[in-house]
Amino acid sequence: MSSGLNLAQQEAVNYLHGPCLVLAGAGSGKTRVITHKIGRLIETGMAPNRIAAITFTNKAATEMRERAKGLIGRDAKKVVICTFHALGVRMMREDGAVLGLKPAFSILDSDDVTKILKDAGGTTDAATARIWQWTISKWKNMGLNAAQAEAIAADDNERITAKVMGRYEERLSAYQSVDFDDLIGMPLKLLQQHADVRVKWQAALGHVLVDEYQDTNATQYEVLKALVGEGGRFTAVGDDDQSIYGWRGATLDNLKKLPIDYPTLKVVKLEQNYRSTSGILRAANNVIAPNPKLFPKTLFSELGEGEPVRVVDADSEAHEAERAVARIQSLRAGETITQSSTGTQHLEWRNFAVLYRANHQARVFEQALRKANIPYKVSGGQSFFDRAEIKDLCGWFRLWVNNDDDPAFLRAVTTPKRGIGHTTLASLGTFASQYKLSLFEALFSPSLPSVMAKRAHEQLHEFGRYINDLEYKARRTMGAEDSRAFMTEWLKEIDYEKHLYDGEDSEQVAAARWTNVLEFCDWMSARAGGEIDDASGATVESERKSLLEVAQTISLLSTISEREKDQNVVTLSTLHASKGLEWPHVMLVGVTEGLLPFKLDDDNGKQEKISDSTLERLQEERRLMYVGITRAQRTLAVSWTKKRKKGREMIAGIPSRFIAEMALDKTTAKEDPREKLKALRAEFARKALDSAAAAAAAAAAP
């Protein structure tokens, strides 16, 4: 199983008898180490279903599963490869009854949580509810309940938030629902407070591997400890230099605790980088050097020196975007992949990425790329199907398809409001839990009138009958034309357009959301088939389906974003969203004080008398710069602007302190891509003239 591994990787893979920390530098093959270690554990006799590999994203889990399958074959299916949250769901489905949860509990998304918090706090202001949501999430990740949060509240605002948290917890309990943070906090309660559950899970898991360990929060660390027991049957794989999620609770304290909690901890450093050239890695090592080191390491590469890292200065953000486009064009023009009968084949667009600190920086680069007719995608932005108004409609569709979908029921019954309040829903939730029914099933129970007022019961019944009626009609609505008519009529019946306008201060925003709804209805209708007009005006006929059949495919929408990675386009991405990815050619833009590092209160780079909290933020921003640099495989350009917008004003720009920290060779580090592009074009023109002259001479020869 160790073939193709370097010595450090082999050491990490072959250490099986105790706690192990693998410090995997950027591009050092951490996924390879994890999958090979899974294979090694199976080789030594451990049953595949007793091995758990925990990641932070579904995408990472899918990649790891595929890699494991290629290495160990069918046994990979039996290995538990999932996110922390998915493992939490599994534990709670099996053992959540001791916490009062039925196995079919609902998991609420962010929008559902905001709505419940608005109700619990008696506000219509979504911004206030989101602040509560952020604070409550922070407390939950610290392992606090509402009473404990109130006890440590620092001011009146936090005391109010703690009281709202209490009412929010009551509602979640009544609705038999959990939020995303509960998927970590509740498994910890299971393991810490119920010895029989803890013994069961420790016996079930013989070895736990944790990917991106530096991104764990305090609660996740306690879950890991409870799962692996005192023997510490785990392998933690991470990199303290890539810890960039402090704002959402990730803490480097978890790395500091490991050698204390597990004195026999084996530490293995992976320092050979297989991604980037030496020039890029030197800049990365120099940038991260000022940060304090828990476990010092220095990345190296055997891929050669490569192109020097370039620094590009620009007059403004628009000028910076123009220069980024010119660099892409010059790199493509200067690097011909093949010459064939079909002509010159250039570098593909997918080889280029433009990375920046904040989402708002994308706009000017989008404009420049569109102007140059260069295809692109914005990574890390909001998907169309993540918009609240689209999720509202999907909630209704999901309920038609599956009446037992409790989150869909809660979304549909409260959006738009229909006079069914939280007290009624709380009674329904308690009743459903008592009789082990879904919320939809419960509202038709003959016993329900005994636990709520007659008017509330009638309103619930009316809603249930309406859902059944919609489901019946959707099953019999065939083809695009009838489907569009059905949805238009349904949206009028529930007065959804009025709901959007009532919920927004800005008519312009409400109108844009309504346009999204109409676009989604057109999309759904087109999928129902029949004779439809396509974009060119031609009539196209496809298989007719019922609207209910189309609604059943809603769950497949999540695969749309996964297919985007195959597009041949330039990537625009935030630095946070770029983590774990790589491109041959990277442009790191907006590397200006105030943007990267982001809004530090230390007088534009002067670090005298810097506070502890500001220092911690600076160190995380430096790690973010390091992540950006190490996304590049072959070339890296770093740009800053002499002027930039701040609100409605233009202010002077100062190059980020990180540029100086890269310690680049001053004689080779500066570049104007427009001049390089101009020179390349002149060279191509000269070659074309020479070819034409040679052809003319050949034709004229006797």
Side-chain angles (χ1 to χ4, degrees), residues 54 56 83-89 91-92 96 99 101 107-110 113-114 116-117 120-121 128-173 177-194 198 210 212-228 236 238 240 243-258 260-261 294 576 611-617 619-620 623:
I54 306 174
F56 273 81
T83 63
F84 261 107
H85 294 89
L87 181 64
V89 170
M91 293 171 68
M92 289 156 63
L99 298 177
L101 274 180
I107 303 165
L108 302 180
D109 67 19
S110 182
V113 170
T114 303
I116 295 172
L117 283 171
T128 300
R130 280 193 290 271
I131 291 169
W132 288 338
Q133 189 173 348
W134 186 260
T135 306
I136 290 168
S137 175
K138 181 185 77 175
W139 283 336
K140 284 192 172 189
N141 284 325
M142 291 167 63
L144 305 176
N145 60 27
Q148 292 165 328
E150 190 169 2
I152 65 155
D155 52 35
D156 287 344
N157 283 337
E158 287 199 353
R159 277 185 282 277
I160 290 168
T161 306
K163 290 189 185 300
V164 171
M165 183 180 180
R167 295 194 285 272
Y168 170 66
E169 286 177 342
E170 288 171 8
R171 282 160 174 71
L172 289 191
S173 177
S177 299
V178 300
D179 63 25
F180 209 55
D181 297 314
D182 289 330
L183 299 180
I184 307 297
M186 285 189 166
L188 181 57
K189 279 185 193 171
L190 276 176
L191 294 167
Q192 287 184 336
Q193 298 175 11
H194 300 275
R198 183 170 64 253
V210 182
E212 302 287 12
Y213 178 75
Q214 77 281 348
D215 294 337
T216 53
N217 62 34
T219 311
Q220 286 162 332
Y221 178 65
E222 293 302 324
V223 168
L224 175 65
K225 277 179 65 179
L227 279 174
V228 302
D240 51 335
S243 179
I244 58 173
Y245 295 112
W247 47 275
R248 71 180 189 199
T251 173
L252 285 174
D253 285 347
N254 290 352
L255 274 165
K256 294 174 187 172
K257 286 176 183 173
L258 276 181
I260 298 168
D261 291 343
L294 293 172
H576 283 99
S611 69
D612 288 345
S613 61
T614 302
L615 185 59
E616 283 181 14
R617 283 184 52 217
Q619 289 167 359
E620 180 152 322
R623 293 193 291 269

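Remember, predicted model here, so these are calculated numbers, not experimental data. Just so you know, these numbers use all the heavy atoms, side chains as well, and skip hydrogens, waters and symmetry mates.
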Parallel, tilted or perpendicular: ring planes of F180 versus H85, cut at 30 and 60 degrees: parallel
Contacts of K257 that satisfy salt bridge (charged side-chain N to carboxylate O under 4.0 Å, His left out) - sequence neighbours left out: none
Heavy-atom closest contact (L144 atom, I152 atom, distance): CD1-CD1, 3.4 Å
Minimal non-hydrogen separation, L191 against R198, with atom names: O-NH1, 2.6 Å
Set of salt bridge (charged side-chain N to carboxylate O under 4.0 Å, His left out) partners for K225, sequence neighbours left out: D261
T219 (side chain) donor-acceptor with N141 (main chain) under 3.5 angstrom: yes
Sub-4.5 Å side-chain heavy-atom contact between L87 and L227: yes
Those residues that, when tested against E150, pass side-chain contact (heavy atoms from CB on, under 4.5 Å) (two or more places apart): A162, K163
side-chain contact (heavy atoms from CB on, under 4.5 Å) between L615 and Q619, worked out: CA-CA 6 Å; L615 185 59; Q619 289 167 359; 3.6 Å; yes
Those residues that, when tested against D156, pass salt bridge (charged side-chain N to carboxylate O under 4.0 Å, His left out) (two or more places apart): R159
With R171 via salt bridge (charged side-chain N to carboxylate O under 4.0 Å, His left out) - residues at least two apart: D119
Q192: partners by side-chain contact (heavy atoms from CB on, under 4.5 Å), with sequence neighbours left out: L188, E222
